[in-house]
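Okay, structure first, notes after.
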Amino acid sequence: ATLEVNGAGGLTSILARFPGRVEVSWPVVDLRALAYPDRSFGLVGHSDTLEHVDPNGGGFKGALRECYRVLRPGGALCFTVPTLVGKLTRATEGRPPTYHEPSPTPDAGLRVHTEFGADVWGYCLEVGFKRVEFTCIEWPAGLAITARR
């Protein structure tokens, strides 16, 4: 079974063919509190979502932990986040808020809470993943990350 959070562009049509696929939308579904049993999925995917997870309630690390929890042993989390190559991850708190388009109102859920840097892979290891791989779609911003349980 596959869990897809927020459609991932052209990948969505491919994942739609997988048996047992579940598609949900964030922020309707809270990535920090997924309503699925442990080890439910062989694949979890989300695209450009983690940077928007509110730091309260565990923040993006809580979301990564939840993805790990719902993955079966040997399963993979595949995701993208905007990555600032040559910089380290940093919170945006205390700075003027930024939003990803389209954001008709500040409540639209698209506020950026975290700017990910070259150390993004370390957070995957920190929550329990055993291996992290990068696939370059378009350098430098288009990096896909695969974290294996």
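Fair warning: this is a prediction, and the values are worked out from it, not measured in the lab.
A donor-acceptor pair is defined here as one N or O able to donate and one able to accept, closer than 3.5 Å; such a pair exists between the side chain of Thr92 and the backbone of Val112.
The two residues Thr2 and Phe18 come nearest to each other via the heavy atoms OG1-CD2, 3.3 Å. Nearest heavy-atom pair, Thr146 versus Cys78, reported as atom, atom and distance to 0.1 Å: OG1-SG, 3.8 Å. Closest approach of Arg69 to Leu34, counting heavy atoms only: NH2-O, 2.9 Å. The two residues Glu4 and Thr12 come nearest to each other via the heavy atoms OE2-OG1, 2.6 Å. The minimum heavy-atom distance linking Ala144 with Thr80 is given by the pair CA-CG2, 3.9 Å. The two atoms that bring Val53 and Ala63 nearest to each other are CG2-CB, 4.5 Å, heavy atoms only.
For the pair Val24 and Tyr36, the minimum side-chain heavy-atom distance is below 4.5 Å. Using a 4.5 Å heavy-atom threshold, the side chains of His46 and Asn6 count as separate. Phe79 is not listed as a side-chain neighbour of Thr49, based on a closest heavy-atom distance of 4.5 Å or more. The closest side-chain heavy-atom distance from Val44 to Val70 is below 4.5 Å. Residues Arg72 and Ser40 are not in side-chain contact: their nearest non-hydrogen atoms beyond the backbone lie 4.5 Å or more apart. Residues Leu77 and Arg148 form no side-chain contact, since every pair of their non-hydrogen atoms from C-beta on lies 4.5 Å or further apart.
Between the CG atom in Leu50 and the CG atom in Leu31 there is a gap of 6.5 Å [rounded to 0.5 Å]. Taken from CG in Asp48 to NE2 in His52, the straight-line distance is 6.5 Å, to the nearest 0.5 Å. Taking CZ of Arg39 as the reference point, atom CZ of Arg149 lies at 4.5 Å (rounded to 0.5 Å). In this structure, Ile145 CD1 and Phe116 CZ are separated by 8.0 Å, a value rounded to the nearest 0.5 Å. Taken to the nearest 0.5 Å, the NZ atom of Lys61 stands 11.5 Å off from the SG atom of Cys124. Note: Leu43 CG to Leu3 CG = 8.5 Å, rounded to the nearest 0.5 Å.
A salt bridge links Glu23 with Arg21: at least one charged nitrogen is closer than 4.0 Å to a carboxylate oxygen.
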Using the rule given for salt bridge (charged side-chain N to carboxylate O under 4.0 Å, His left out), can you reason through Arg95 versus Glu93, listing the C-alpha separation, both sets of side-chain angles and the distance that settles it, and then say yes or no?
CA-CA 6 Å; Arg95 294 186 288 156; Glu93 189 174 321; over 6 Å; no

Audit row: Val120, Phe134, side-chain contact (heavy atoms from CB on, under 4.5 Å) steps and yes/no:
CA-CA 11 Å; Val120 63; Phe134 285 86; 4.0 Å; yes

Do Leu64 and Phe60 pass the side-chain contact (heavy atoms from CB on, under 4.5 Å) test, and can you show the C-alpha distance, the side-chain angles, and the key distance before you say yes or no?
CA-CA 6 Å; Leu64 286 172; Phe60 74 87; 4.2 Å; yes

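If you chain together hydrophobic residues whose side chains sit under 4.5 Å apart, Trp121 and Ile137 never meet in one group. In the hydrophobic clustering of this structure, Val22 groups with Trp26; members are Ile, Leu, Val, Met, Phe, Trp, Tyr whose side-chain heavy atoms approach within less than 4.5 Å, directly or through other members. Leu125 and Val127 fall within a single hydrophobic cluster, where Ile, Leu, Val, Met, Phe, Trp and Tyr side chains are chained together by heavy-atom contacts under 4.5 Å.
Thr89 and Glu115 are not linked by any side-chain donor-acceptor pair at a separation below 3.5 angstrom, with hydrogens and angles left out of the test.
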